[in-house]
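What you see is a predicted model, and the numbers here were worked out from it, not measured in a lab. Counting convention: from 1, in listed order, for ligands and their atoms alike.
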Amino acid sequence: MSLHARIPADHEAPRRASRHVALSGVYADLAGQAAKAARPLARGRVTSAIGLSIEVSGLELGIGEAVRIIGDHGPIMAEVVALGDGFASCMPVSDLRGVRAGNPVLSTGAPLQVPVGRGLLGRVVNALGQPMDDGPPLTDVILTSTDGTPPRAMDRERITEPMPLGVRAIDTLVPAGRGQRMGIFAGSGVGKSSLLSMIVRGTEAPVSVLALVGERGREVREFIEGDLGPEGMKRSVVVVATSDEPSLVRLRAAFTATRIAEWFRDQGQDVILCMDSVTRVAMAQREVGLAAGEPPATRGYPPSVFGLMPRLLERAGMAKTGSITALYTVLVDGDDLNDPIADNVRSILDGHIVLSRKLATQGHFPAIDVLESISRVNKAVTTPEQRADATLLRQLLAARRDAKDLIDIGAYVKGSNPQVDRALEQSFEIDAFLKQDMEDLTPAVSAWAELHRIAESG
Ligand SMILES: Nc1ncnc2c1ncn2[C@@H]1O[C@H](COP(=O)(O)OP(=O)(O)OP(=O)(O)O)[C@@H](O)[C@H]1O
Ligand SMILES: [Mg+2]
């Protein structure tokens, strides 16, 4: 009953990308069962509501526990985020309107639960796993908490196989491995989301889970219907929390998507998890932390943000069976690659793809700055021959970059550096190889063959 009852409250979230929230009979049944299994309900009351945070007294609550606030406009679900002397600070998963001091609060004795399972394939759901598309009710799912545990270090298989992503510049020069976690770093509007949509359509992984966190509502439909299309959607699950939703909901969306990916991985599948963007997840945690009374530390981010990142990102990767290859977009503030979140995320992940605004303004898409991007598993997932071709191309790109100033002012004298000469001769075909239309998805074998041809033809 308790989990069931939070659905209408969630309906009220304004300007949601959903047109209709279908609640499945199965979901409701499972919600009912989960609620029954929880310990008996106790009753407390709202003592204050300041900013995003509601103080509740009269209940013995634990961090992460879901509570139901009986507001004047109906029940509202919230989660305990901090504990004080005789009170708990809770953050709501929907609008706070209608909540007043003295409102009754029921504990559920369990964290928020989300559905996972095969029934989610092809579906668009919100941060709580409820359908946001016009599709039929969810079937073939079970309810679980969003708190998975990362595979233990010694239980993780090593990364030894490539995971082709369908983008030539990545598959050859920054190759991803099955179970690798990579960041896509760029300033705003440089092409992060577009690159992710290419990857979701071009990857050879059988299942993709996409978390769209803090995006503009307009972009969500564009992404799903335009970029992903029915083909991409068939093998995908999309979890959406737009920028107008409460911070806790945006935060939860990241964990829900990760939990869904974990379920498929635990079935032995190779899953791609794409999160756009992890910066907005960090911002959501900043709002949650500050509202709960944490002190701001680095650039206004409270310490809990830096604790949250590894907890979230470490859950992807290889397990005993199956894998989650994860791609997280990172919005770098003012194109500063050393901003605290970018720095923290880069230190946790096994590789980074850097997008350059300079390339984007030249119309070079995807705007991957190959020389700034690295894959830490490169050696494990490529053959020596492949690496030789890739290294040669990197050398040519570096030679061209270093001589660029001289070339631009016409001061470069042909013949003074053989590698620069070659880079200039092959400039056109190198750029043609690195540029790629959104619709053009190249299998990795073709990309390697094309790279080899460039390497041989110099
Ligand atoms: N592969 C591509 N081919 C052509 N144009 C592209 C490509 N990738 C990106 N663009 C252009 O760049 C614009 C911004 O791309 P996108 O929305 O993917 O950037 P973003 O980094 O996700 O932005 P934000 O930070 O606002 O989320 C697009 O509207 C499009 O015009
Ligand atoms: Mg984007």
Take the Mg ion (ligand 2) and tell me which protein N, O or S atoms are nearer than 2.8 Å. S193 OG

Can you check whether [X] has an N/O within less than 3.5 Å of an N/O in ligand 1?
X    : answer
E219 : no
G191 : yes
D276 : no
M198 : no
M438 : no
R216 : yes
S193 : yes

NZ/NE/NH1/NH2 to OD/OE distance under 4.0 Å, [X] and [Y]:
X    : Y    : value
D133 : R123 : yes
R422 : E425 : no
K358 : D369 : no
R181 : E314 : yes

Counting non-hydrogen protein atoms only, what is the nearest one to [atom]? Give residue, atom name and distance.
atom                    : result
atom 18 (O) of ligand 1 : S194 OG, 2.6 Å
atom 5 (N) of ligand 1  : F365 CD1, 3.4 Å
atom 25 (O) of ligand 1 : K192 NZ, 2.8 Å
atom 24 (P) of ligand 1 : G189 N, 3.5 Å

Hey, could you give me the CG/CG distance between L451 and L392, rounded to the nearest 0.5 Å? 8.0 Å

Take T256 and L128, measure what side chain to side chain contact (heavy atoms under 4.5 Å, CB included) needs, and give me the verdict at the end. CA-CA 7 Å; T256 299; L128 301 175; 5.9 Å; no

Close side-chain approach of [X] to [Y], heavy-atom, < 4.5 Å:
X    : Y    : result
T279 : D339 : no
F255 : R259 : no
T146 : L112 : no

Going by the rule side chain to side chain donor-acceptor pair (under 3.5 Å), which residues pair with S304 if we only count those two or more places apart in sequence or in a different chain? Q285, E294

Looking at ligand 1, would A186 count as a contact under a 4.0 Å heavy-atom criterion? no

Please lay out, stage by stage, how Q180 and S375 fare under the test side chain to side chain donor-acceptor pair (under 3.5 Å). CA-CA 9 Å; Q180 185 176 10; S375 164; 3.2 Å; yes

Lys/Arg cation over aromatic Y301: R299, 6.0 Å, 45° cone: no

Given the protein's heavy atoms, is any one of them under 4.0 Å from atom 9 (C) of ligand 1? yes

Is_contact(atom 29 (O) of ligand 1), protein non-hydrogen, under 4.0 Å: no

Which of the ligand 1 atoms, numbered from 1, are nearer than 4.0 Å to a heavy atom of S188: 25 (O)

Within the distance-only criterion (no hydrogens, no angle test), does the side chain of R168 pair as donor or acceptor with the backbone N or O of F433 below 3.5 angstrom? yes

